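Worth knowing before you read on, the calculation uses all heavy atoms, side chains too, and leaves out hydrogens, waters and symmetry mates. Treat the numbers as computed from the prediction; the structure is a model and nothing was measured.
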Amino acid sequence: QVQLVESGGGLVQPGGSLRLSCVASGSILSMSDMGWYRQAPGKERELVATITSGGTANYAESVKARFTISRDNAKKTVYLQMNGLKPEDTAVYYCKSDILLRAYLGWRAYWGEGTLVTVSA
């Protein structure tokens, strides 16, 4: 079984910063792309940022220049550094990773349970 566990969410004032972490555990053979998604109340889940195993990052336009995604392959961990937070960044943030457990199973996408980020004065 695979588990993705997020941490680092919380309440922060506008303009503040938070750092999210997501650790993968289980009998993992290999990991490919990892990413962060978010879902605000009453809205669809949307992509925030993704990063390949080689470190190539991709960002939603709304977070470019404010958020930074990174990963530590040895620790099976992906991070999201969020600076200059705005009230519209309030959402549940989910971690996602493409993981290979066994060669015959193929690549599958796994999701974490989410961590709540609230930006409010």
Practice item. Dump the intermediate steps for side-chain contact (heavy atoms from CB on, under 4.5 Å) on Ser53 and Met31, then the final yes or no. Key: CA-CA 7 Å; Ser53 57; Met31 300 178 70; over 6 Å; no

Point to revise | CA sep, side-chain torsions, deciding dist, call: Leu20, Val117, side-chain contact (heavy atoms from CB on, under 4.5 Å) | key: CA-CA 9 Å; Leu20 305 183; Val117 172; 4.1 Å; yes

**Study point:** Minimum-distance pair of heavy atoms, taken over all atoms of Met34 and Ile69
**Key:** O-CD1, 4.2 Å

Exercise for review: Can you see which heavy atom on Arg71 is nearest to which on Ser32, and at what distance?
Suggested key: NH1-O, 2.8 Å

Study note, to complete from the structure: All heavy atoms of Ala91 vs all of Gln39, minimum pair found to be CB-O, 3.4 Å

Exercise for review: Measure the spacing between CG of Leu18 and OG1 of Thr118 and express it to the nearest 0.5 Å.
Suggested key: 9.5 Å

Revision key, fill the gap. So CG of Asp98 and OG of Ser30: to nearest 0.5 Å the spacing works out to 10.5 Å

Practice item. For residues Arg66 and Met82, determine if any side-chain heavy atom of one lies less than 4.5 Å from a side-chain heavy atom of the other. Key: no

Exercise for review: Measure the CH2-CG distance between Trp107 and Leu101 for me, rounded to the nearest 0.5 Å.
Suggested key: 10.0 Å

Review point. When you look at CD of Gln1, are more than 12 heavy atoms from neighbouring residues, nucleotides or ligands closer to it than 6.0 Å?
Key: no

Review point. Pairs in or reaching into residues 39-92: which pass ring-ring contact (aromatic ring centres under 6.0 Å, His included), with residues at least two apart or in two chains?
Key: none

Practice item. Please report the shortest heavy-atom distance between Cys22 and Leu4, naming the atom on each side. Key: SG-CB, 3.9 Å

Review point. When you look at Leu11 and Ser120, which way does the side-chain contact (heavy atoms from CB on, under 4.5 Å) test go after all the steps?
Key: CA-CA 7 Å; Leu11 174 64; Ser120 175; 4.2 Å; yes

Exercise for review: Report whether Val5 and Val48 are members of the same hydrophobic cluster (ILVMFWY, side-chain heavy atoms less than 4.5 Å apart, transitive linking).
Suggested key: no

**Study point:** Verdict with reasoning, Val63 to Arg38, per side-chain contact (heavy atoms from CB on, under 4.5 Å)
**Key:** CA-CA 12 Å; Val63 306; Arg38 68 186 181 187; 4.0 Å; yes

Study note, to complete from the structure: The reported gap from CG in Asn58 to CG in Asp33 (rounded to nearest 0.5 angstrom) is 9.5 Å

**Study point:** Distance (rounded to the nearest 0.5 Å) between Leu29 CG and Arg102 CZ
**Key:** 7.0 Å

**Study point:** Set of residues satisfying ring pair (Phe, Tyr, Trp, His ring centres under 6.0 Å) with respect to Tyr110, sequence neighbours excluded
**Key:** none

Review point. Does Trp111 have any ring pair (Phe, Tyr, Trp, His ring centres under 6.0 Å) partners at least two apart in sequence or in another chain, and if so, which?
Key: Tyr37

Review point. Which atoms form the tightest heavy-atom contact between Ala109 and Lys96, and what is the distance?
Key: CB-CE, 3.8 Å

Review point. Would you say the side-chain atoms of Glu6 pair up with the backbone N or O of Glu113, donor to acceptor, closer than 3.5 Å?
Key: yes

Review point. If you count the non-hydrogen atoms of other residues, nucleotides and ligands that lie under 6.0 Å from CD in Gln81, is the total more than 12?
Key: yes

Review point. For the atom pair NZ (Lys76) and OG (Ser25), what is the distance rounded to the nearest 0.5 Å?
Key: 9.5 Å

Review point. How far apart are the closest heavy atoms of Val119 and Thr90, and which atoms are they?
Key: N-OG1, 2.9 Å

